[in-house]
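Please read the structure below before turning to the comments.
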Protein chains: 4
Amino acid sequence: MPGKDSAREKRPPGRPRSESARRAILRSTLRLLRHTGYSDLSIEAIAGDANVGKATVYRWWPNKGALVVDAFSSSVHKELLFPDTGSVYSDVSLQASHLVQLLRSRRGQIVAALIGGGQTDAELIEAFRERFVRPRRLEAYATLRKGIERRELPAGADLDLILDSLYGAIYMRFLIWKDGLTEEFIADICRLVLDGACTSAAEAEAR
Amino acid sequence: MPGKDSAREKRPPGRPRSESARRAILRSTLRLLRHTGYSDLSIEAIAGDANVGKATVYRWWPNKGALVVDAFSSSVHKELLFPDTGSVYSDVSLQASHLVQLLRSRRGQIVAALIGGGQTDAELIEAFRERFVRPRRLEAYATLRKGIERRELPAGADLDLILDSLYGAIYMRFLIWKDGLTEEFIADICRLVLDGACTSAAEAEAR
Amino acid sequence: MPGKDSAREKRPPGRPRSESARRAILRSTLRLLRHTGYSDLSIEAIAGDANVGKATVYRWWPNKGALVVDAFSSSVHKELLFPDTGSVYSDVSLQASHLVQLLRSRRGQIVAALIGGGQTDAELIEAFRERFVRPRRLEAYATLRKGIERRELPAGADLDLILDSLYGAIYMRFLIWKDGLTEEFIADICRLVLDGACTSAAEAEAR
Amino acid sequence: MPGKDSAREKRPPGRPRSESARRAILRSTLRLLRHTGYSDLSIEAIAGDANVGKATVYRWWPNKGALVVDAFSSSVHKELLFPDTGSVYSDVSLQASHLVQLLRSRRGQIVAALIGGGQTDAELIEAFRERFVRPRRLEAYATLRKGIERRELPAGADLDLILDSLYGAIYMRFLIWKDGLTEEFIADICRLVLDGACTSAAEAEAR
DNA sequence: CAATAATCGAGACGGTACGTCACGTCTTCTT
DNA sequence: AAGAAGACGTGACGTACCGTCTCGATTATTG
């Protein structure tokens, strides 16, 4: 068999896409987002900063939102994985603590910009949700289920309810109050929500 | 007593601000926001619709966000007042239900736009917070304190923690999930958080 | 020889300037100037009339004056060339007569506007001088020199002095008196100045 | 007779016009004209500089041109009077020399601005002509007529022709060449024109 | 090894809206 | 009645980006 690879794809004729241009664009997008808000970020500036023609950007990304999500998700590391300490409270509060560290760092401005920009751009918020929030949510489900197995949480607990009230509180302080994201707050909110999950599920069962 | 009025204010010199222009601008802002998204809303169009000079808009509002906050908060009626039913749970869940109705209506897009724009504009998020969120927060304190007096909530409850996790969950679904703002959710989240407040405060006391 | 052309000019990168836009702008400038005064002429109107973006105008002309000089000088035909009749007096008075005809026509308003605007804008008066006045001055030198060769003028005549007093008189009546630009005046001023040149140079020599 | 004064004028009721405001406006106009060109001079700035309401300016001067001429003519001293030395050449060249000194000074910019602005504003150039140029022209006639009486100039000399070619040359260098206004030039141009007047009138008589 | 084709950078194009400035008019209170 | 103060509707300013386009140059595959 002469072919080198079974997954070999027929390359179209013509000059292939420049990988270095792609990377330069993503890098410039992130750099500029650190200093400028999402809405003040212009494709013109990105292309200029990346030494790239404007058309090259438009050739590969349909709009600003798609580009920014792409750039951001290429920058998120494994720092937000849930640990497995044997205690739901510990697992969740540790991860929440790492999230808060991220939000308080320079990259937090990018998260704010994405959520902010997404309120105007449906595709942007969807991309942010599916590529950033959803993966962590799936891990959180697993962590909570382990807690249920260990009887730390009741069997009928509404996982989304728990996670929305916990992370919702964090995002509320991050997006609106712009304050109060302390370690103590993390400890308190985890306790409040996990305790609530126990009591409220017990009541529901009793009904 | 010679003075006419103790609260009489000295008017500044010059032609006074036109109240009719102010109202026309706010009215046009809301009208256009119904048809256009926040980011497609232009001051040029507002001024044109209101038959007003662009400079008159800029004289009184520093930017689009401030204008929209003003227009929006002038349109929020008493629909978000907390009732006084004699039960914390009822008071809070009724108000939360009204908030969700607002967020799900056309005016919800304005709220989203304000929070979104505020992620780029510190003054905008501050204005939104102080003029829309804070007043409701103050009422919420009062409602919760009545609950404490009635022994529905423990004396040492952290009111901000309770409210951030409750409303944070709502805003999380509103801003990021763009889904799940049902009546059942309201009931569940209120129960979860209020129950959590009881248990977690009891624990804290025990420590 | 590998190079195609010694005078070959390297075109700069990027899309080349649109010649049709350039012409449309100049045409619209002249058209609007016929109906409106110079100071009432707006770049906005020119761009609109030429179906051209305002930025395209500003990309190529720094200000209104420069644009109008360009438009004007592109409209000056060969009508102001000096003839060669064999007599200095005839050559000069014929050309002066053509100039006066131009100044009295609708295009005279453009000349007035350019000189007027140039009193505030150093670059404008320089452009007017170099592109309109200087070329004619150079021809005038040649005409006068032929007169010197034919002994119609003395060898030591100060050409600039002669031309400034001749054309200065015309511009004085044009710009300040706004009157008196008759054919008789042309004949008289040419005679006065050319006679003066003869006598005064003779005296100078005698000294 | 009860009246105090035959020239007594019935004063209109109400607050009389403020002389200090009038002076402040004229002073500010001249000051700003030194730094800014005529077309960049704004009534807004004048009123601000003079601590005067804008309406006060508009109440007394119909437009910018009228105000500027007023301000300028209130500042011209007796420096441009023709002397009486007993020689036309001396009288004229001395006065021309003073004029050139004025044009080369800071006030020259105002003269340029007035002539420049007048090319767009008919009332302005008329006011400049009648209040600045014409008075000097009348004196110049007198000076030249004394020269005719002394036989320095022929009886049939065309005074306007002489003066336009002399002062026209000066204004040509001032307005267009922006150069060459030397003392030597003054001497030369006076000689050229006065000599021309003699010869050309003699010829005309001979015809 | 030429021809073909899609990419690249650069930057001009027709547009839209920006936020500022001055216009000349007006409305208020004070002198 | 005139003063200063300054807001008003109007309209042009010059700038910044939009998303599209036209260039010459570059880099690959195909004939």
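Because the structure is a prediction, the values reported are computed rather than measured. Below, read A as the first sequence line, B as the second, and so on, with proteins coming before strands; counting in each chain starts at 1.
- In this structure, B/Thr56 does not reach the F/dA7 phosphate: none of its side-chain N or O atoms is under 4.0 Å from OP1 or OP2.
- Atom C1' of nucleotide E/dC21 and atom CD1 of D/Ile46 are separated by 15 Å, given to the nearest angstrom.
- When each of B/Glu19 and D/Gly53 is assigned the nucleotide of DNA chain F bearing its nearest heavy atom, the one mapping closer to the 5' terminus is D/Gly53.
- The CD1-C1' distance, from B/Ile25 to F/dA7, rounds to 12 Å in whole Å.
- Between the CH2 atom of B/Trp61 and the C1' atom of F/dA7 there is a distance of 13 Å, rounded to whole Å.
- Looking at C/Lys54 and C/Glu44, their side chains come closer than 4.5 Å, going by heavy atoms from C-beta outward.
- At E/dC8, none of the side-chain N or O atoms of A/Arg17 fall inside 4.0 Å of OP1 or OP2 (strictly under the cut-off).
- Under the rule for a salt bridge (charged side-chain N to carboxylate O under 4.0 Å, His left out), A/Glu126 has no partner lying at least two apart in sequence or in another chain.
- Counted within 6.0 Å of CD on C/Glu130, heavy atoms from surrounding residues, nucleotides or ligands total more than 12; the atom is thus considered enclosed.
- With a 6.0 Å cutoff to the six-membered ring centre and a 45° limit on the axis angle, C/Arg17 counts as a cation-pi contact of C/Trp60.
- In this structure, the CZ atom of A/Arg22 is 19 Å from the C1' atom of E/dG9, given to the nearest Å.
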Note to self: So if I define the base as every atom that isn't primed, P, OP1 or OP2, how would nucleotides 16-23 of chain F read as a B/S/- string at a heavy-atom cutoff under 4.0 Å?
What the structure shows: -BBBBBBS
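- Within the 4.0 angstrom heavy-atom criterion, only backbone atoms of the sugar-phosphate kind lie near D/Trp60; the bases stay farther away.
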Next item on the list: Quick one: do A/Trp61 and A/Val68 satisfy side-chain contact (heavy atoms from CB on, under 4.5 Å)? Show the steps, please.
Entry: CA-CA 10 Å; A/Trp61 289 274; A/Val68 169; over 6 Å; no
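- Residues D/Leu67 and D/Leu26 meet the side-chain proximity criterion, which asks for heavy atoms closer than 4.5 Å.
- For the OP1/OP2 pair of E/dC8 and a distance below 4.0 Å, the side-chain nitrogens and oxygens of A/Arg59 include at least one atom meeting the criterion.
- The separation between D/Asp49 atom CG and F/dA4 atom P is 13 Å, rounded to whole Å.
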